[in-house]
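Just below is one structure, and these are the notes that go with it.
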2 protein chains.
Amino acid sequence: MNKYCFGVDIGGTTVKIGLFTTDGTIVDKWEIKTSKEDGGSRILSDVSESLSEKMQEKGITKDEIEGIGIGVPGPVDDKGTVLTCVNLGWGTFNVAEEVTRLTGITNVKAGNDANVAALGEMWLGGGKGYSDMIMITLGTGVGGGVIHNGKIITGTKGAAGEIGHMLVNYEEEDPCNCGRKGCLEQYASATGIVKVAKRLLAKSEEESTIRDKENLSAKMIFDAAKEGDKIATECVEELGWYLGVACANIAAVVEPDVYVIGGGVSKAGVILLDVIQRHYEKYAFHAHKDKEFKLAELGNDAGIVGAAKLVIN
Amino acid sequence: MNKYCFGVDIGGTTVKIGLFTTDGTIVDKWEIKTSKEDGGSRILSDVSESLSEKMQEKGITKDEIEGIGIGVPGPVDDKGTVLTCVNLGWGTFNVAEEVTRLTGITNVKAGNDANVAALGEMWLGGGKGYSDMIMITLGTGVGGGVIHNGKIITGTKGAAGEIGHMLVNYEEEDPCNCGRKGCLEQYASATGIVKVAKRLLAKSEEESTIRDKENLSAKMIFDAAKEGDKIATECVEELGWYLGVACANIAAVVEPDVYVIGGGVSKAGVILLDVIQRHYEKYAFHAHKDKEFKLAELGNDAGIVGAAKLVIN
């Protein structure tokens, strides 16, 4: 195997890029702006130029590059074809082939950014040492990635790992962003737990340190729960219940070794793992009990790490 | 690749065995009794003798055998280790290694019987032509198998594909056979739909051809639904609803191409596929819509077919 590889994580605002050694050390990382003009047509040539400049700067030749991995904020199939990516203005085309054309490097692979981040956490983060892993990212929404035998399950049309859109509440009346009602994302995301809190506060007269707070946030709710606030604790229990039940149902399908929880909400730390795991163990089928629950470790670097891993076997 | 292989499906009463050509033709199939005496210690030597006799009968030498695949009614890990199998009286040991020792054939693989049946349906049955498939077997219980990239997802402890134990009803008060409450199996199995029918009949005064029937069966309920009986139709709708929602949640994890429905209940035919698919399409995330729903085609042969496929790449 060659000495270096690149991991590229394309976001709506910036493209994060990492230069790695193929044994898993970050040599350098940097960002460039995402040029969304003209349907995002310049994004990949900007990336290609940036990689070329970095190779010159470091005195690295093409022969030393094992490959380029790319995470894209949209569905990507097994062959590297992105199937429309609204955030970037992209239609359907093969990202991997295009980057090969631009760089002359043949080993190029592309994947969905959430899936790629999961792969990164498996390689160097919370899922290190495991080969069958579920990553759940609790941010503004709830994302996910499914790793089986050390590789991403992409799904037929690149839409596997949409854990946030598992249907977990049949009674819900408010719609999810996806238009359906009762998705996990409605209870377990940063915005979801705030909505849950507002509902619980409205239904109760109980005093609470999170009552009448402006800009109530997931962090404020978890902080209050850590201090023993009753309503905040109920919110955390509700989030843990939905996540625990969802993880139990995921186990019934693929039975992973480990669940890695990331995203902004995961900054709450051990209290979050504990509540998910407690409900998981209660609801899991007997053959699925005793699984590991871990916090993600790579933060914003998960995308470039996982992208790099795409091209390393 | 050699010309022949064996597929062995070990059940609690009989062992089904098939001799196949490696291009997928059944040359012969037969059964032997499952000897459960002495903790099932003679089962594998009985199988081994039976294979040996068949090879003599057909004039086939060991050199012509590509391998032996074995389905076992219990959890089996990726390496062929069975993790206790109550039905057969087995503890934990490596089935594949034991059969190699007994037969002198090195390419031996073992898998859980439900997973192996799923592989069979992918190879020569309802899932032919697909590589990412979910099999759901609606029998006395609800079994399942998850095929990804043409191979079984076994799960860390051999317990993936336990589709029947997805939690689908949080309000259920009666326990499932597994001890939890609200498993898919409680509504979608042959016994489950009868329980659903009894509940609906008890709650309603509506005339129904399935009212007061002795030995009410899934078949009687489907037949009545086909004739337009209102309560029977409600039962079928309820079964379809739970299966449709479960399939939508499976798609959120692995996004397969096709769902293959087998087991005794699937003899109901197109009415069953239609009701599952209708509810699936209603509840699936937008990126997961338009999947295929098919009936299993191999019946009791799925186990030997899938077992044979285990040793053919």
Side-chain angles (χ1 to χ4, degrees), chain A residues 74-75 78 83-84 130-134 144 146 148-149 151 153-171 176 178-185 241-242 244-246 248-258 282-292, chain B residues 74-75 78 83-84 130-134 144 146 148-149 151 153-171 176 178-185 241-242 244-246 248-258 282-292:
Chain A
D78 266 336
L83 309 158
T84 73
Y130 296 94
S131 60
D132 286 80
M133 182 192 110
I134 303 292
V146 181
H148 170 60
N149 272 350
K151 293 193 189 308
I153 293 185
T154 54
T156 312
K157 291 180 189 162
E162 284 287 359
I163 308 300
H165 296 287
M166 291 181 81
L167 217 57
V168 293
N169 181 1
Y170 316 136
E171 315 288 321
C176 177
C178 75
R180 298 176 311 146
K181 291 171 181 171
C183 294
L184 179 60
E185 178 162 304
W241 189 91
Y242 281 115
V245 167
N249 278 344
I250 292 169
V253 184
V254 293
E255 204 218 343
D257 301 287
V258 61
K282 184 169 170 195
Y283 289 101
F285 183 57
H286 57 79
H288 302 146
K289 290 188 190 286
D290 301 321
K291 299 297 180 186
E292 299 289 328
Chain B
D78 266 335
L83 308 158
T84 75
Y130 296 93
S131 60
D132 286 80
M133 181 193 111
I134 303 293
V146 181
H148 170 60
N149 272 350
K151 292 193 189 308
I153 293 186
T154 55
T156 312
K157 292 179 189 161
E162 285 287 358
I163 306 302
H165 296 287
M166 291 182 79
L167 216 57
V168 294
N169 181 1
Y170 316 136
E171 315 289 321
C176 178
C178 75
R180 300 175 311 147
K181 291 171 181 171
C183 293
L184 179 60
E185 179 162 303
W241 189 90
Y242 281 115
V245 167
N249 278 345
I250 292 168
V253 184
V254 293
E255 203 217 346
D257 300 289
V258 62
K282 183 169 172 197
Y283 289 102
F285 183 58
H286 56 79
H288 302 148
K289 290 185 191 289
D290 300 323
K291 299 296 180 187
E292 299 290 328

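Residue numbering restarts at 1 for every chain, and letters A, B, ... go by the order of the sequence lines.
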Distance from [X] atom [atom1] to [Y] atom [atom2], nearest 0.5 Å?
X        : Y        : atom1 : atom2 : value
A:Tyr283 : B:Arg180 : OH    : CZ    : 10.5 Å
A:His288 : B:Lys157 : NE2   : NZ    : 10.0 Å
B:Asn149 : A:Asn149 : CG    : CG    : 10.0 Å

Segment of [X] engaging chain A (4.5 angstrom heavy-atom cut-off):
X        : answer
B:Ala251 : backbone
B:Lys291 : side chain
B:Pro256 : backbone
B:Ala284 : backbone
B:Tyr170 : side chain
B:Val146 : side chain
B:Val245 : side chain

Side-chain atoms of residues 158-167 of chain B: list all donor-acceptor pairs with protein atoms under 3.5 Å, sequence neighbours left out, distances to 0.1 Å.
none

For A:Thr156 and B:Asp257, does a side-chain donor sit closer than 3.5 Å to a side-chain acceptor? yes

Considering residues at least two apart in sequence or located in another chain, which fulfil the ring-ring contact (aromatic ring centres under 6.0 Å, His included) criterion with A:His148? none

Could you check which of B:Thr154, B:Val168, B:Ile153, B:Asn169 has the highest count of heavy-atom pairs closer than 4.5 Å to chain A? B:Ile153

